[in-house]
There are 2 protein chains.
Amino acid sequence: MTVTIKDVAKKAGVSPSTVSRVLSGHPRISLETSRKVKVIMEEMGYTPNMMAKSLVSKTTNSICIILPKPAEELFSNLFFMELIRGIVTQSSRSGYDVLISSGANEKEELESVSRLLKGRRVDGVILLYSRKDDAVIDFLESGGYPFVLVGRSDRYENILSVDNDNIMAAYDATNHLISMGHERIGFVSGPPNLIVSRDRLEGYRKAMEKNGLEMRAEWIVEGEFLQDSGYRAMSFFMNLPNRPTALVAVDDMVSFGVLRGLNELKYKVPEDLAIVSFNNIPLSELSSPPISSIDIGIYHLGYTASQVLIQSIQKPDNHDGYTNRFVIPHRLIVRESSMYSPVKK
Amino acid sequence: MTVTIKDVAKKAGVSPSTVSRVLSGHPRISLETSRKVKVIMEEMGYTPNMMAKSLVSKTTNSICIILPKPAEELFSNLFFMELIRGIVTQSSRSGYDVLISSGANEKEELESVSRLLKGRRVDGVILLYSRKDDAVIDFLESGGYPFVLVGRSDRYENILSVDNDNIMAAYDATNHLISMGHERIGFVSGPPNLIVSRDRLEGYRKAMEKNGLEMRAEWIVEGEFLQDSGYRAMSFFMNLPNRPTALVAVDDMVSFGVLRGLNELKYKVPEDLAIVSFNNIPLSELSSPPISSIDIGIYHLGYTASQVLIQSIQKPDNHDGYTNRFVIPHRLIVRESSMYSPVKK
DNA sequence: CCTCCTTATGGAACCGTTTGCTTTACTCTG
DNA sequence: CAGAGTAAAGCAAACGGTTCCATAAGGAGG
């Protein structure tokens, strides 16, 4: 049988309350008793029952990650795994356990979250996406449950969120190309309904504008976060009369598509087309040539999300109402794909 | 305040026990009462408190995944994420929640597992690795806790595990090359202390032997599950006087390295060297040329692990002592990298 | 020397469920 | 019509902790 607090108490010749107090470091316990009890706990191999603890304390010391449903793609998987690592590491340091949940659809997701939170199985939630409207967010907000969003939502202004400054990141990426001497720079964007696509596009625009460079509509192509989009964008760009000498792609996968296409057509990177993209997945440095990429600090994103959430769980009142958006720094990793200055005409 | 079973009972004019029985579908509750109570539960937005439930039932309806510590590599991340998806999906179908845990080192891992299991926070554990000796496994076994291993351990014969038949998989891969007409086939192995490396090597051996093909020691190279190993193996093979016309690589990443090397030296795949590898990561079909690979059904591996574990939790006695190793089928995905029959001399 | 604190501990209620044992009120049977 | 049998629901004791309140012992102050 499992050894309980009562067993320890009996053996130590004290009351259960005393044992409990020893456990929680209560000030009014004599050193002598404390030592004695601790020895006996060790001897008997006592481990506190978390359920009983949770029942009375109304706190579980665990949080929950909501995993989006489909996310079959390569990057999503890498992204989520890295994020999870960050979350789990930090949570574990703060003494929290992490639960993973996902549902086949939004309704299931909502049910699951509701069950976990109302059923007092977790203390808070990390949401790993930024959909535009969201029943789950509504539920969390109206229920007053602690949660943080990884990503950004423009509909909900004052909720806790952890994100990159994608506008700035794209600005930096574009600027890097400009500083290498490029003037005709293309942009391969992602789905326009994603905030990240829009932000990165805006950053590109800003950089071009700031530097007084021409911006042609035909230099901006919309796509997915997939190789194919890159492949298609590439062939479109390369057939343009006055084609770009460089491009910024919203995602490394897109770059791979571009690379593959250019390779087939015997173009050279970065001489014929310089490339910078985002996310810096492990493969970026392994392709030929290695791709310059903006590292968005995924692990750090997760780590911070956990920190923010747990903080908000422990002192819900501490929220100042201002700093609810946490920005994780990005950094540009320059590799071969952009190490070339075009010859000026 | 949260609404409890007592609140519902009071409002419905019945006793808490009756409400509880309605909840669990007890046979001796009249239809009338049952309906009435259900309506009131709905009205009041009642959600059972899992902690209280767990406390009395001594069961948590949740399992825990132990994530290995470093696993910085690309494949590991893809592998784990896919596995987690499988586990989470199946667990959720069985009404179980999934906890993720990891520790910085084996000691921390053990502490964590011990706390979770002895503290009654989870009912069972899925181990995602197959180290040779393992304090965690020892703890789980001696404590009689339900757990399953993803992977194979040869030291522990009678524990539940879910795995591929890597010997057969390698046999199939090799056989495929043989049936295409190859006779000189190389093998790039992984670290020799990993069971998966040894199994795959053995499968290769078996296939060669069975077909009466010559096996030269120089055709077998040891490496890591990394591009670099492939790159090095490639240059070694290609410099051999009577070089292989095909090779089997333990991992797709290795193939990528081989591919990169061959590309640099202007060799053609599959004409100069045909390639088959393992794991069928999403990138395999995107490289040029796409790589033939053995799909090991990672998602399925996770799905089954969860199934087996939950089964073992629910009826621990049902274990027949024979079928404790569950084998997930693999399948060969033939792509361009092996679609070529060498010209016989 | 008695009262009043202070300090260390014990007692008991409670957290929200489940469940074995009763109790109650019928219905059936001989 | 009495006794047995049965269906439906209630009572109360757990489950393993925490914590408020009470208590006992010892020391200080008057």
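Lettering of chains follows the sequences in order, A, B, ..., and the numbering in each one begins at 1. Everything numeric here is computed off the predicted structure, so don't read it as measured data.
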Open item on the list: If we count only N and O atoms by modelled type, under 3.5 Å, do the side chains of A:Thr47 and B:Arg120 hold a donor and an acceptor together?
Closed with: no

- [ ] Determine whether more than 12 heavy atoms belonging to other residues, nucleotides or ligands lie under 6.0 Å from atom NZ of B:Lys36.
- [x] yes

Open item on the list: Salt bridge or not between A:Asp97 and B:Arg115? Use side-chain N to carboxylate O under 4.0 Å.
Closed with: yes

Open item on the list: Less than 3.5 Å apart, any donor N or O on the side chain of B:Ser17 or B:Ser20 sitting next to an acceptor on the other?
Closed with: no

Task: Range on DNA chain C touched by chain A, heavy atoms, distance below 4.0 Å - done: C:dT7 to C:dG16

Open item on the list: Restricting to non-hydrogen atoms, name the atom on B:Leu127 and the atom on B:Val125 that form the minimum distance, rounded to 0.1 Å.
Closed with: CD1-CG1, 3.4 Å

Task: Heavy-atom closest pair, residues A:His300 and A:Pro329 - done: CE1-CD, 4.2 Å

Task: Polar side chain donor-acceptor pair, B:Thr89 to B:Tyr299, under 3.5 angstrom - done: yes

Task: DNA chain D: 5'-most and 3'-most nucleotides touching chain B, 4.0 angstrom heavy-atom criterion - done: D:dA7 to D:dG16

Open item on the list: Expected output is a numbered-order residue list: members of residues 12-22 of chain A with a heavy atom under 4.0 Å from any atom of DNA chain C. What is it?
Closed with: A:Gly13, A:Val14, A:Ser15, A:Ser17, A:Thr18, A:Arg21

- [ ] Compute whether any side-chain donor of one residue and acceptor of the other, for B:Arg93 and B:Ser306, lie under 3.5 angstrom apart.
- [x] no

Task: Side chains of B:Ser91 and B:Ser94, donor plus acceptor under 3.5 Å - done: no

TODO: Indicate, with a heavy-atom threshold strictly under 4.0 Å, whether B:Lys6 touches base, sugar-phosphate, or nothing.
DONE: base

Task: Between A:Asn164 and A:Arg152, a side-chain donor and acceptor under 3.5 Å - done: no

Under 3.5 Å donor-acceptor pairs involving side-chain atoms of residues 38-45 of chain B, not counting sequence neighbours:
none

TODO: Please list residues of residues 24-38 of chain B whose heavy atoms come under 4.0 Å from any atom in DNA chain C, ordered by number; otherwise none.
DONE: none

Task: Closest non-hydrogen atom pair between B:Tyr96 and B:Ile313, with its separation - done: OH-CG2, 3.8 Å

Open item on the list: Please find the pair of heavy atoms, one from A:Ile87 and one from A:Val98, that lie closest to each other, and give the distance.
Closed with: CG2-CG2, 4.2 Å

Open item on the list: Need the bend value for the helix from C:dC1-D:dG30 to C:dG30-D:dC1: angle between end axes, 5 pairs each end, nearest 10°.
Closed with: 60°

